[in-house]
Every structure is written in structure tokens, then in C-alpha cells.
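Just so it is clear: chains get the letters A, B, ... in the order the sequence lines come, proteins before strands, and each one is counted from 1.
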There are 2 protein chains.
Amino acid sequence: MNLGLSVKLKADFERLSARSQAVARWMIDHPADVALLTTREQARRAGVSPATMTRLAQRFGFKGYDDVRKLYADAMRGRPESFRGRAQELVSRRADEGDAALVQDIFASLVPHLQALSSPGAVKRLTAAADLIAKAKRVFCLGLRSTFSVVYIFHYVRSLFGAASVLVDGAGDTGIDVLRTIGRGDVLLAVTVRPYTQHTLKAVCYAKEKGARIVAVTDSELSPLAPFADEILIVDTETPSFFHSMTPAFAAIECLAALIAARRGRETLKALVQSEEQLSAFGTYILPSKKSRAKT
Amino acid sequence: MNLGLSVKLKADFERLSARSQAVARWMIDHPADVALLTTREQARRAGVSPATMTRLAQRFGFKGYDDVRKLYADAMRGRPESFRGRAQELVSRRADEGDAALVQDIFASLVPHLQALSSPGAVKRLTAAADLIAKAKRVFCLGLRSTFSVVYIFHYVRSLFGAASVLVDGAGDTGIDVLRTIGRGDVLLAVTVRPYTQHTLKAVCYAKEKGARIVAVTDSELSPLAPFADEILIVDTETPSFFHSMTPAFAAIECLAALIAARRGRETLKALVQSEEQLSAFGTYILPSKKSRAKT
DNA sequence: AAAAATATGAAACATCTGTTGTAACAGCGT
DNA sequence: ACGCTGTTACAACAGATGTTTCATATTTTT
């Protein structure tokens, strides 16, 4: 990620006044400090009056130097597109203050959450989890309440692939019963975010004791699942609205499923063909070509 | 970022008070923001009064929270890899190596799909669908196979909000039976993407005949659902992997739920309080404070 | 059940922030 | 020398910042 401003700064360097050049030089040499220090402190270090900082920023089209600092701060967080995104957001919010703003805000907040999942650290965790699951005899998928969506899609995709998957869910609250047979060689994929569900933690404890490995998808290093997890995936849930979003967790699980499928390679493809045959035999899907003759 | 404080924070976590734990958790989850945001802003995001921040810092031997921020700022300066473009170099170099490439590609492809959902046209459709659903007597939620995740989360959130919602799903393939009572004033939320499921289309036909309105979430204007839909939301499903992603549909539905919740305003909040009371009475969640006395 | 101890948020506080108005200054052509 | 232009620092301002105080919950102990 390169700061657009640094580039502009270098390009226009010649045309700047003496003091402004001093500031520009200092900024280019100390990008981290631009994000971390106050404008006044930066002026002091660059040997310039604070007013000069503000005016330089304004020359480049910012409202003040504060905006420059925010730009550098965002860059430091490792969110390359955030400035462009924010600008768009502002524009559109001016256009409409109501629903549109909420929609924009929700999706805008999701983007950095997804980007966080493709950071090197997250990738390492995803691949480690995929390795663990790919080697497992069976995978038990457990997620209650809002996270059920997440484990369901994992289980569904995994079933399509022909891999051994058990969805911990059952009519009449018999869900947890399927865990009875869990043991060494199995993996429990457990998903829970704040507020953490009691049953999920219990199940993880239980499975761990029986010798199963744990892959936890949760929202913090401090999650109660963390101490039990062999592999842990951290997903964001925050949104500008007052409720949490499961979209990042959902995306992470889909990605995990894809990684595992890739590991099984040829086997996956064979299973997919089988699945398709079965489903078309049952007339599950509408045929893409002619008229679909409905039956039943 | 190797911060001595994070370690101490985790070590003493149990001994901290409820509010301090909230702060510690937020700090561990957002280390970059500790360095970049003001104390007040951090307090706001952690859901705590500014005073708590200062006090927590003092408990750990600092003069005030400002010193903590400086500590984090120094730690951030110490790792220029994430800055000045070297991070992205690393990323793109790794992107040639199998797993990482797949992960990057998947999330990268999701971002434009989400952005498409906040385009003016999509916003209009979302708000129109929200309007229709907000006025409905009851909402029936129907999605089979991979799309079940999507309708499940909608149903779950809507139930939390105390709105009338019926999940079309049942043990023993009795799911469709609940549609018997559907009629004028009701809305059927139907989700299906290619390959379209036979049953979903059938159900939509049936509901339409009975006078219900249809909100369709699907992947194309040419979807078989389109002719029956009163409101239609189009979501992308394509990924660089060989299977489809439901993440955009998932995000769209969450957004739709948020819009509807906003429309119900005060009512939503009351229902949320009720839900919380009920859930805590049942001991569903792990209590955030000290000893959580498990029951059952 | 009462009392002591602790934790917490609202408001108050002095301090510091970023910006702007003003005046001094240097360079430059006339 | 003169006025004109563009820079710059200084001072002043409104607003925000981090900390402290104090009264009020909340928890723990007696």
C-alpha cells in the first residue's frame, strides 16, 4: 500500500515553498509519526509552525492537517482502500441521510472485516485449520443461534463434497447427543461469538476431553473457546447498526470449506458428480434447458 | 506486534472488573486503534466511560491511559513491514503460492459483490423490500439447501426483534406445510440461486395464488422467481473457486433485517430487551462478569 | 441484613488541540 | 525607494482531550 499523498508530495515537491518542502520531507521520512503524533508535535519536529502544517494540507485539498493524519492512520491499519471508501461513503451520505446511509455504512464496514481475513496472519490460521480438518476422520459442526447459519453452510458444502460431516443439531433438542461418539481423530468445528453460548463451550470441553481436536471460530483471542482450541479463527462482528453481523464469519467458513475441498482435490470432484446425479434423480433442481416438468 | 502489556492484560484478565475486562478485550482485539485513536474515542468504541480507561491504565502502573497509547504507538513504529507497501509486497508474493492465493482471491472477489449491494439501484430495492416486509402481517422465510443459511439468519434476527416470522423448515419434510395458512397480508421471503430449487418455485407460485406478496432474493433478473416477485434482490454468487458463495446473499439479508428493525424502531428495542431477559433466564449465554454459575 | 469495599459514570477541570486572523518578513519588478 | 506578492510565525479562539472528583450503584464481607 502506498500513500497517494506521498506520491503527490514528491511530484509537487519542487513547486512547494521552502517551509512546505521541509514539512514534506519530514512527512516522507517519518510516515509513522504522521499517523501517531499531534499536528503541533509534528510541526515542532519538522521545525515549522503548526499553521504551516494546516496550510500545506489545505493546499492539497484537505480540510485540514487532521484529515492527513487520519489518512496515514488508515494506511497504517493496513486498509488500503479505506480512504476511497470513506470518501464515497461521505458523498452518498450527503445524498441521502436515511436508509441509504445505513446500507452504505453496513457494507462499508464489512469490507475491512473481509480484508482482515486475507491478511497474512489470518491466512495462516485458515490454512492451519484447513490442514487439521482435512486430516480428520469426521468433522462435527456446532454453532447455536445466530452462528447456526455459519455451521450449516459449512456442513452443507462439506456434504456436497462427500466428506464426513455431522451437523450438531436435531429436532427435540437432541442435538448434542451426536457428540457421544466423538473421539480421537475427529474434529469439532465450533462457532460462537459474543455473547458466547453456554452449550457451545460445554460441548467443546466435552469433545476435548474425549480426545477430539477443536477448530474454533470466534470473535476474540479472549473467547472462552480459545483455551481449548487447537486452531482458532478470529472474525469481526461489529457493524454501525446495533446488532452484530455474521457475514465475516460466514465468509471465513466458506473460504475454509474451499481450502479443504482443494486439499481433497480429485476426491472432491468425484463426490460432486455423485451429488449432482443424486439431486437430479430426485428432481431437486429446475433444469436449465427446456421446460421444467414439475412432478409431485 | 509484541506488546508486553497485552500479555499482562491476558494474564490478569480474570482478576479485572467487568468494565475493565471489556476494555482489555477491546484493546487486545484492536491493538492498532489503541495507538491511533483518542482515549475518549476508544472508550466510546469499547462501550465504557473514559474514566475507566484511565483507571485501567493506572492499575497497571501507568500514570494514565495516554502512556498506554504511547506504548502502543512505539510498538507500531517498530514494525514498518505493515507500512510503506512492504505489507502488500508480502501479500502479493505469497499470493502466488497456492492456499494464500485462493484465500486472497475469494475475499477479493467478495468485496466488489458487496459494493454492488450498496449501489443506488440495490439500495432502492433493499428499501422497497424492507417497506413491504415491515408492513406485512407475517413473514414466511423459505430457502432450501445452500440458501437455508441465509433465511435462517433472517428468521433468527427477526425473531429476536419480536416480529412475526415463520421459518419454512421442519423435521420429516413437513416444512412446506406451514405455508398452508399463508394469505393476503403475508409476505413470502424466498431465496434461491442457480441451480434453482424446484420446491422454492412451487412454494412461490402457491403463495402468490393465495394472495401473499413475494420478496425474492436470487442471482439474476432471469431467475424463475422473477415473474412472481413483488420485490426482487439480486445478489452475486461467483467466486474464483469452483463453488458458489452465499456470502453476498447473506450480507444482503442481514442488511435487509437491519432496515426492517430500524423501521420498527422503539418496538424493536422493547422486543430485544424481552429476548435478552428470556435468554438470560434460561442461562443460554455465558455471563460476562465473574463466576458464571452454569445451570442444567 | 447491614456495613464496608469496590466499581462505575456524569460532570468538572485544567490543559492541549487544530485552525484561523493578523502582522511581519523576504523576494522581486518597477 | 516603493509597492506588491506570497510565506511564515505568533497569538487567539473554540472545541476537544485526558484526568480527577464525587455521588451513585454494585459487589463482597461481616
Distance check: side-chain N/O of [X] vs OP1/OP2 of [N], anything under 4.0 Å?
X       : N      : answer
A/Gln42 : C/dG18 : no
A/Thr39 : C/dG18 : yes
B/Ser49 : C/dA7  : no
B/Thr52 : C/dA7  : no
A/Thr38 : C/dT17 : yes
B/Arg69 : D/dG18 : yes
A/Arg55 : D/dT7  : no

Checklist entry - Do A/Asp219 and A/Tyr196 have a side chain donor and acceptor closer than 3.5 Å? => result yes

Item to check | Side-chain donor-acceptor pair present, A/Thr218, A/Ser223, cut-off under 3.5 Å | outcome: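 Checked: A/Thr218/A/Ser223 side chains pair up, N/O donor to acceptor below 3.5 Å.
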
Next on the checklist: Walk me through whether A/Arg125 and A/Glu221 qualify under salt bridge (Lys or Arg N to Asp or Glu O under 4.0 Å).
Outcome noted: CA-CA 13 Å; A/Arg125 287 177 154 176; A/Glu221 305 275 356; 3.3 Å; yes

Grab the [atom1]-[atom2] distance between [X] and [N] for me, whole Å please.
X       : N      : atom1 : atom2 : value
B/Phe62 : D/dT19 : CZ    : P     : 12 Å
B/Leu37 : D/dG18 : CG    : P     : 10 Å
B/Gln21 : C/dT8  : CD    : P     : 9 Å
B/Asp67 : D/dG18 : CG    : C1'   : 11 Å
B/Arg40 : D/dG18 : CZ    : P     : 7 Å
A/Lys63 : D/dG15 : NZ    : C1'   : 11 Å
A/Met53 : D/dT7  : CE    : P     : 17 Å
B/Arg19 : C/dA10 : CZ    : C1'   : 14 Å

Next on the checklist: Check this for me: A/Arg59, atom CZ, are more than 12 non-hydrogen atoms of other residues, nucleotides or ligands nearer than 6.0 Å?
Outcome noted: no

Checklist entry - Counting side-chain heavy atoms from CB outward, which of C/dG9, C/dT17, D/dT8 is closest to A/Ser17? => result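 When the side chain of A/Ser17 is considered, D/dT8 is the closest of C/dG9, C/dT17, D/dT8.
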
Next on the checklist: Quick check for you: among D/dA9, C/dA7, C/dG18, whose closest atom lies nearest to any side-chain atom of A/Ala51?
Outcome noted: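 Given the options D/dA9, C/dA7, C/dG18, the side chain of A/Ala51 is closest to D/dA9.
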
Checklist entry - For DNA chain C, whose closest nucleotide is more 5', that of B/Pro50 or that of B/Arg59? => result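 Looking at the nearest nucleotide for each, B/Arg59 comes out on the 5' side.
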
Next on the checklist: Suppose we call two aromatic rings close when their centres sit under 6.0 Å apart. Are B/Tyr152 and A/Phe148 close by that rule?
Outcome noted: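 Under 6.0 Å, so yes.
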
